[in-house]
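All of these numbers come straight from a predicted model, not from anything done at the bench. Chain naming here is simple, since letters A, B, ... match the order of the sequence lines and numbering starts at 1 in each.
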Protein chains: 2
Amino acid sequence: MGRLRKAERQNKLRDKLKENPFLVDKELAEMFEVSIQTIRLDRMELGIPEVRKRTKMVAKQAYSKVKSVQSGEIIGELVDIELDQNGLSILEVTEELCLEKTKIMRGHHIFAQANSLAVAIIDTDVALTGSADVRYNRPVYIGERLKAKARVDKAKENKFYVNVETKASEDIVFRGEFIIFSVDDDPDRKEV
Amino acid sequence: MGRLRKAERQNKLRDKLKENPFLVDKELAEMFEVSIQTIRLDRMELGIPEVRKRTKMVAKQAYSKVKSVQSGEIIGELVDIELDQNGLSILEVTEELCLEKTKIMRGHHIFAQANSLAVAIIDTDVALTGSADVRYNRPVYIGERLKAKARVDKAKENKFYVNVETKASEDIVFRGEFIIFSVDDDPDRKEV
DNA sequence: AAGAAAATTAGTACCTGGTCTTAATATAAG
DNA sequence: CTTATATTAAGACCAGGTACTAATTTTCTT
């Protein structure tokens, strides 16, 4: 890597750790061809904690993020629900939901919040999306707070027509009509 | 918690750590009212690593997951593209894209692949989804491989009509009509 | 109840990846 | 050359363990 002077090394150090927070001081020292103590001084000056704390931060953050953002059953936070009738979900627009360049939220995340809410309000073991018809009215930016309101308009056998309206402040930014199918494989539950 | 016998304690230990992998042996010892050595023996028998390794596993897993599933610019792998004309994207259906229970892929991920492909083929700095009309034809299961094909049907000024068809093996599982707007850093763009 | 087996607890040496502190050396700037 | 800045070194200490040995307690069996 060739030896760098302090300021430049510290910048690269910050970048390296952002890219890979699991590097230990020894590895960093070898990368930058300086002593381990220099790396520690650099971390101190930059306010970067040790590898175990960094790892823990990533883990904790990701743990809750993974839960709430993607692999949890709901995208966003379910704040109110009346099964088979309506529901409300709130989602903070964070950086990772946006296009890097413009800080505009990516459309499929807005869709995901609405879709998972539409699925969640159906009182059944398994609900699948059959179709969706959606409109995006204006871009949503990082830092905004999306309130998605879902309402079941019509239910016919295992077919639910769910309307979702998503607002940022007072603007309607998104509207969707979902058709959700309930697939109930629990024989003890009353057939709908 | 009241003292339990071995087998039961080990089960609860496993559950506790699944729920919260950040607990250290000392905390566990207090919870179960046994000595720290007992906890360590239990972990050994259950093949559960120490807290730092657990933390690291959570961090690494979540780190790559967050990267690949949500924050990358494209959902799926772009294998072919002709700007403003058509494109092909491939996505492996992995566990984290599915409902835990049924191993059926969640609808918004199918949407995300199609939507991000539709956006990607538009040759502009920023492309935003204006609307979408989509149909899901059959459930997609873990292990399948989704091929999404997008085609620009019509383009009018900054408005692109993009058709996406997603197949698993030879079945069409999803179809969508997207209207995408290109936004070429126009300072006159109406304020929001 | 006695004896064996299983489970639990105790204690010690050692490990990684640090922190915190003091001090010596190297390099650059005035 | 001298001072200031940067770098390296060295040592004591810490958390949260592993690995191992050994003692003690509880439980089961005969």
Side-chain angles (χ1 to χ4, degrees), chain A residues 1-68 71 95-96, chain B residues 1-68 71:
Chain A
M1 202 175 234
R3 223 122 185 281
L4 308 167
R5 58 179 71 74
K6 197 174 174 181
E8 197 183 349
R9 186 188 58 230
Q10 293 194 344
N11 281 335
K12 299 221 169 183
L13 182 68
R14 208 198 317 259
D15 292 348
K16 271 278 172 216
L17 287 178
K18 199 163 191 180
E19 184 189 301
N20 179 6
F22 307 114
L23 295 167
V24 300
D25 288 355
K26 201 182 158 198
E27 292 168 326
L28 292 163
E30 283 161 12
M31 274 182 178
F32 289 101
E33 297 175 65
V34 293
S35 73
I36 224 171
Q37 284 81 353
T38 300
I39 294 294
R40 285 174 181 167
L41 271 176
D42 284 350
R43 276 202 298 103
M44 277 248 287
E45 286 173 26
L46 296 170
I48 297 174
E50 57 167 305
V51 70
R52 285 168 299 208
K53 282 187 188 155
R54 295 195 304 266
T55 305
K56 196 163 182 177
M57 281 164 65
V58 172
K60 287 220 154 181
Q61 210 195 4
Y63 209 61
S64 57
K65 216 181 264 177
V66 166
K67 281 238 145 119
S68 67
S71 96
E95 194 174 349
E96 67 271 9
Chain B
M1 202 175 234
R3 222 121 188 285
L4 308 168
R5 59 179 71 75
K6 195 172 174 182
E8 198 182 349
R9 186 188 58 230
Q10 293 194 342
N11 282 335
K12 300 220 169 183
L13 182 68
R14 208 198 317 258
D15 291 349
K16 271 278 171 216
L17 286 178
K18 199 164 192 179
E19 184 189 300
N20 178 5
F22 308 114
L23 294 167
V24 300
D25 289 354
K26 200 182 161 200
E27 292 168 327
L28 291 163
E30 282 160 14
M31 273 185 178
F32 289 101
E33 298 174 63
V34 293
S35 72
I36 221 170
Q37 284 81 354
T38 300
I39 294 295
R40 285 173 180 167
L41 272 176
D42 284 349
R43 275 201 299 103
M44 277 247 288
E45 286 173 24
L46 296 170
I48 298 173
E50 56 168 304
V51 69
R52 285 167 298 206
K53 282 187 188 157
R54 295 194 305 265
T55 305
K56 195 162 180 177
M57 282 164 63
V58 171
K60 287 221 154 180
Q61 210 193 6
Y63 206 65
S64 58
K65 221 180 257 180
V66 167
K67 278 241 149 118
S68 67
S71 101

Original post:
Okay, side chain of A:Arg54, backbone of A:Phe22: is any donor-acceptor separation there less than 3.5 Å?
Top reply: no

Please give, in whole Å, the distance from [N] [atom2] to [X] [atom1]?
{"X": "B:Glu8", "N": "C:dT8", "atom1": "CD", "atom2": "P", "result": "12 Å"}
{"X": "B:Phe22", "N": "D:dG16", "atom1": "CZ", "atom2": "P", "result": "14 Å"}
{"X": "B:Leu41", "N": "C:dT9", "atom1": "CG", "atom2": "P", "result": "10 Å"}
{"X": "B:Leu46", "N": "D:dT18", "atom1": "CG", "atom2": "P", "result": "13 Å"}
{"X": "B:Leu17", "N": "D:dG17", "atom1": "CG", "atom2": "P", "result": "10 Å"}
{"X": "A:Ile39", "N": "D:dT8", "atom1": "CD1", "atom2": "P", "result": "9 Å"}

Original post:
Below 4.5 Å, heavy atoms only, C-beta onward: do A:Met57 and A:Pro21 meet side chain to side chain?
Top reply: no

Original post:
Is B:Lys56 close to B:Lys53 at the side-chain level, that is, under 4.5 Å between some pair of heavy atoms?
Top reply: no

Original post:
So how far off straight is the helix from C:dA1-D:dT30 to C:dG30-D:dC1, going by the axes through five pairs at either end, to 10°?
Top reply: 10°

**OP:** Give one of base, sugar-phosphate or nothing for A:Ile36, where a contact means two heavy atoms less than 4.0 Å apart.
**Re:** nothing

**OP:** List for me each residue that meets side-chain contact (heavy atoms from CB on, under 4.5 Å) alongside B:Glu45, sequence neighbours excluded, and say none if there are none.
**Re:** B:Lys6, B:Gln10

**OP:** List in chain and number order the residues that pass side-chain contact (heavy atoms from CB on, under 4.5 Å) with B:Asn11, two or more places apart in sequence or in another chain; answer none if no residue qualifies.
**Re:** B:Arg14

Filtered N/O pairs between nucleotides 16-25 of chain C and protein, under 3.5 Å:
residue : atom : partner : partner atom : Å
C:dG17  : O4'  : A:Arg52 : NH1          : 3.4
C:dG17  : N2   : A:Arg52 : NH2          : 3.4
C:dG17  : N3   : A:Arg52 : NH1          : 3.3
C:dG17  : N3   : A:Arg52 : NH2          : 3.0
C:dG18  : OP1  : A:Val51 : N            : 3.1
C:dG18  : OP2  : A:Asp25 : N            : 2.9
C:dG18  : O5'  : A:Asp25 : OD2          : 3.3
C:dG18  : O5'  : A:Arg40 : NH2          : 3.4
C:dT19  : OP1  : A:Arg43 : NH1          : 3.1
C:dT19  : OP1  : A:Arg43 : NH2          : 3.3
C:dT19  : OP2  : A:Arg43 : NH2          : 3.0

**OP:** Over all heavy atoms of both residues, which pair between A:Leu23 and A:Val51 is shortest? Give the atoms and the distance, please.
**Re:** O-CG2, 3.7 Å

Strictly under 3.5 Å: I want the nitrogen or oxygen pairs between protein and nucleotides 3-6 of chain D, one per line.
residue : atom : partner : partner atom : Å
D:dA6   : OP2  : A:Lys6  : NZ           : 3.3

**OP:** Sequence neighbours left out, what passes salt bridge (charged side-chain N to carboxylate O under 4.0 Å, His left out) with A:Asp25? Give chain and number order.
**Re:** A:Arg40, A:Arg43

